[in-house]
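Start at 1 and go down the list; that is how both ligands and their atoms are numbered.
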Amino acid sequence: MTADSSNSPKASAASSAISKTSNEMWGGRFAERPDAVMEAINASIDVDKRMAEQDVAGSKAHARMLAAQGVISAADAEALVSGLEQVITEIRSGAFPFSRALEDIHMNVEARLKEIVGEPAGRLHTARSRNDQVAVDFRLWVRDEIDRTDRALADLQRAFLAQAEAGADLVMPGFTHLQSAQPVTWGHHMMAYVEMIARDRGRFRDARARLNESPLGAAALAGTSFPIDRHATASALGFDRPTANSLDSVSDRDFALEFLAAASICAMHLSRLAEEIVIWSSAQFRFVRLSDKFSTGSSIMPQKRNPDAAELVRAKTGRVTGAFVGLSTVMKGLALTYSKDMQEDKEQTFLAADALDLAIGATLGMVRDMAPNAEVLSKAAGAGYATATDLADWLVRRLGLPFRTAHHVTGTLVKAAEVKGIGLEELSLAEMQAVEPRIEAEVYEVLGVENSVRSRVSYGGTAPDQVRAQIARWKGLLA
Ligand code: ARG
């Protein structure tokens, strides 16, 4: 927004098109102007001007429908549509004088429309209320945001896929409790995020499908006596159908909550990767190197490369989840239908959407650029007796031991190696046979991390062939 002097309550009172004694849109029975504090708490224009495109689109559809139904004349509808087009052009140019005295985007647009087209502007609000208007605008905005988010998440999946493909054979430690558990591959780990993000996208898609009904024409809360065509406005705005209950249409914000819930879960996933990146990029781990573009230095410690982008992605989750909690808290105490409390829905949703957007963008940049350190990863993969399960499995497979017994034998061998401060594969055959006499030299084959990983051929397992099959499947899906 530029030329913003009208945003101060005093300036706008003096300069706006509204009357000095009361609000022109609703002030018929009012003798006094609102107090400056009233205006400040009531105005939402600083926030909801972000819905200008949606507001104008909704109004154009409404005007055309009113004319088609004979509620207003064709000439009036034409004047309204071209006037609305001028308004949106002015808004896009940044020169639009938004006014807080006019409260919100709906009244700012209408007041300017009146200056442009005169009397017909007053007919636009026939068979409509700001209650259904804001519900339409906000649904359209959330729908657009879901579509943007979906495209960004698909790009992120492609970046993980590229990492997975390049590192399908690269062994690394798999962790449980952040303790070395079993060796896995880098490709497998990257593909885990492809799956998570696929479900995130699915949640956004589900939310979009339920959201995609038009509340326009619910009017204030009870519907209208004018012969409107809600199916026409619904389809003009790309909705699947009109909503079926006018009270519900103006009073619910579950579509925004579903968006925020999906966004929270997605942000949580990004945050887990961010946490991994913070750990992986530390001097102690050195699993990955982040690019200069996604690292920062320290002003006092010259050696440092800090993973600030990852830390901020991790932190942004707080905003997104906070918005969900904030809006559900606003909504939970409201009797049907609309209450002004609901005006607080947009700021939280916008902040959350922006935070998620940034988090996805920063994650995309880091994932694209990060370089796994093959040598360190494979060395770490074998540390911490990570192939102990392979040894136990071998005892089951080759010697027919019950798994519980094999587990115990292996535990004894791990202890023996630990006492000597060596790896399992460094125990001599004699040392192994002292614990279980039937162990043969062949056992050393399963003690290597490469063999361990290659043996995990169960569907969805970490064997490179399994991972490659998943990569191929996803390449098809993301093409
Ligand atoms: N700015 C309002 C909001 O965002 C628009 C709806 C106003 N409705 C009303 N009855 N005052 O919720």
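Looking from atom 11 (N) of ligand 1 to the surrounding protein, the closest heavy atom is R130 NH2, 3.7 Å. In terms of protein heavy atoms, atom 6 (C) of ligand 1 is closest to Y338 OH, 3.4 Å. What sits closest to atom 8 (N) of ligand 1 on the protein, heavy atoms only, is N131 OD1, 2.9 Å.
The H106 neighbourhood of ligand 1 comprises atoms 5 (C), with distances under 4.0 Å to a heavy atom of that residue. Each of the following atoms of ligand 1 lies closer than 4.0 Å to a heavy atom of S44: 1 (N). Atoms of ligand 1 lying under 4.0 Å from at least one heavy atom of D104, given by number and element, are 1 (N), 2 (C), 5 (C). Remark: ligand 1 atoms within the under-4.0 Å shell around heavy atoms of Q343 are 1 (N), 2 (C), 3 (C), 4 (O), 12 (O).
Every salt bridge (charged side-chain N to carboxylate O under 4.0 Å, His left out) that K293 has, sequence neighbours left out, goes to D369.
Ion pairing of R473 with E195 is present here, as a side-chain N (NZ or NE/NH1/NH2) and a carboxylate O approach within less than 4.0 Å. Using a cut-off of 4.0 Å between Lys/Arg side-chain N and Asp/Glu carboxylate O, R305 and D292 are scored as salt-bridged.
M191 and W474 get closest at one heavy-atom pair: CE-CD1, 3.5 Å.
Under 4.0 angstrom from ligand 1, there are no non-hydrogen atoms of Q133. Only side-chain heavy atoms of K346 come within less than 4.0 Å of ligand 1; its backbone N, CA, C and O stay farther off.
Partner D354 forms a salt bridge (charged side-chain N to carboxylate O under 4.0 Å, His left out) with one of R148, R319, R50, K316 and no other, that one being R50.
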Next item on the list: Could you please spell out the steps behind the salt bridge (Lys or Arg N to Asp or Glu O under 4.0 Å) verdict for E39 and R100?
Entry: CA-CA 7 Å; E39 202 164 271; R100 279 190 188 147; over 6 Å; no

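Donor-acceptor pairing under 3.5 Å is recorded for the side chains of Q157 and R201.
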